[in-house]
Amino acid sequence: MASNYLKELEVALLAVQRAVRLTKRVFHEKAKGTVSKDDKSPVTIGDFGAQALIISALKANFPHDEIVAEEEPAQLREDAALRDQIWELVRNTKLDDAAAEGLLGGSIPDVDAMLDLIDKGNSKGGPRGRIWTIDPIDGTKGFLRGGQYAVCLALLEDGQVKVGVLGCPNLPVDDSAPLTADIGANQSDDEGRGVLFSAVEGQGAMSRPLGTGGLSEGKTISMKPITNMSDASFCESVEAGHSNQSESAQIAQKLGITNPSVRMDSQAKYGSIARGAGDIYLRLPTSKTYQEKIWDHAAGDLIVREAGGQVTDTKGARLDFSVGRTLASNSGVVAAPAVVHGQVLDVVQQVLGLK
Ligand SMILES: Nc1ncnc2c1ncn2[C@@H]1O[C@H](COP(=O)(O)OS(=O)(=O)O)[C@@H](OP(=O)(O)O)[C@H]1O
Ligand SMILES: [Mg+2]
Ligand SMILES: [Mg+2]
Ligand SMILES: [Mg+2]
């Protein structure tokens, strides 16, 4: 019998809520314990700590499920100082609500157990069974810049996204607040900021205030109907190396869009268009070799589709989460309200020379 994923959703929301408590502590620190990975991208004590806490909650509730998570503990096994900083954060981060905290399982016993948990995110992924995918901090560069970032968790079953949760600490709580990349002049003031987006396949998409212990009531969200393409705006990556910005400018022009693109880091882009604060998310490949990672897209893909959107790659194919840790069979992302997706894709393909 088909499950309605109630328990999965609750655990995922609480696990993300708790992980965000940890990342916010690091966000407000000057020194974020940043190290460079083999691919030269940054990772911080916040990424590692959030991954440990989320995997701990998943293993306590769903011990047989597999996990594909972004970070690996190798660097920490060689760096005692970094490892101890993370452990300090992990053992001191709890939800305010004891019942909610209890649902996430007991405390992690020691620093070695924490490293082992981080390592449990090493599944190869694939087309069968239940696989959770975690991006403990998506938009790490934005996190370091003081911008948008997201804590991302999704459940795949036989390659299909069933549950998706995005914790976006720096987006406004208000679904109708105008879309800006800026998080406000006073970055130490969290007033009015922090939202949890979620979706379950076939059950719609929701948003609720992020909070710090237990879940408040969610509200159904939906994409903004575009009646006139010239009023629409694009939501894009900040990093020019992550999405081709000159091609997107040509696409905007062909569609008659004159509003400047809103550039923000992370899957906050998917959440923002899902609640109608933005309209269209484009991610145009900058290299033939880079493969998008499943943890960068799974939760956002479901949240946008459940809010009335369509998400494909630039070839028009649905994102395929069943081929491993990457979206090896896809190229880029085009996410838009379902009624105009075809029109947007058509122009994307003209500009990219795909038709
Ligand atoms: N070359 C290239 N092309 C496309 N995407 C890349 C590339 N390199 C990295 N990444 C991934 O981009 C993730 C962040 O994406 P964003 O859309 O948030 O980009 S931005 O940096 O904030 O502008 C980022 O996720 P995190 O590492 O979780 O921050 C990376 O997985
Ligand atoms: Mg990411
Ligand atoms: Mg990340
Ligand atoms: Mg990263």
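In listed order, ligands and their atoms are each counted from 1. FYI, the numbering just counts along the sequence from 1.
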Lys/Arg cation over aromatic F62: R130, 6.0 Å, 45° cone: yes
R283, R145, E239, K141: member with heavy atom nearest to atom 15 (O) of ligand 1: R283
Nearest protein heavy atom with distance in Å, relative to atom 31 (O) of ligand 1: D296 OD2, 2.6 Å
Protein contact of atom 19 (O) of ligand 1 - nearest heavy atom, named by residue and atom, plus distance: H242 ND1, 2.9 Å
Region of D135 that comes within reach of ligand 1 [heavy atoms, distance under 4.0 Å]: side chain
Trace of the ring pair (Phe, Tyr, Trp, His ring centres under 6.0 Å) decision for F197 with Y270: CA-CA 10 Å; F197 295 106; Y270 281 111; over 10 Å; no
For ligand 1, the portion of D39 having any non-hydrogen atom under 4.0 Å away: neither
Worked check of salt bridge (Lys or Arg N to Asp or Glu O under 4.0 Å) between R77 and D116: CA-CA 10 Å; R77 298 201 195 271; D116 289 344; 3.7 Å; yes
Shortest-distance N/O/S atom, E70 versus the Mg ion (ligand 3): OE1
Gap between atom CZ of F143 and atom NZ of K32 - 0.5 Å precision: 6.0 Å
Min N/O separation Y281 to ligand 1 under 3.5 Å: no
Check: V238 N/O within less than 3.5 Å of ligand 1 N/O: yes
Gap between atom CZ of R18 and atom CG of L53 - 0.5 Å precision: 5.0 Å
Atom 4 (C) of ligand 1 - nearest protein heavy atom and its distance: Y290 CE2, 3.2 Å
Within reach of ligand 1, part of E70 (heavy-atom separation under 4.0 Å): side chain
Backbone or side-chain N or O of K293 under 3.5 Å from ligand 1 N or O: no
Any N, O or S atom of G139 closer than 2.8 Å to the Mg ion (ligand 3): no
Residue D135 atom name (nearest to the Mg ion (ligand 3); N/O/S): OD1
Atom pair CG/CG of L352 and L284 - distance to nearest 0.5 Å: 6.0 Å
Part of Q267 within contact of ligand 1 (heavy atoms, under 4.0 Å): neither
Heavy-atom pair of closest approach, residues S107 and K94: OG-NZ, 3.6 Å
Interatomic distance, E70 atom CD to W295 atom CH2 [nearest 0.5 angstrom]: 5.5 Å
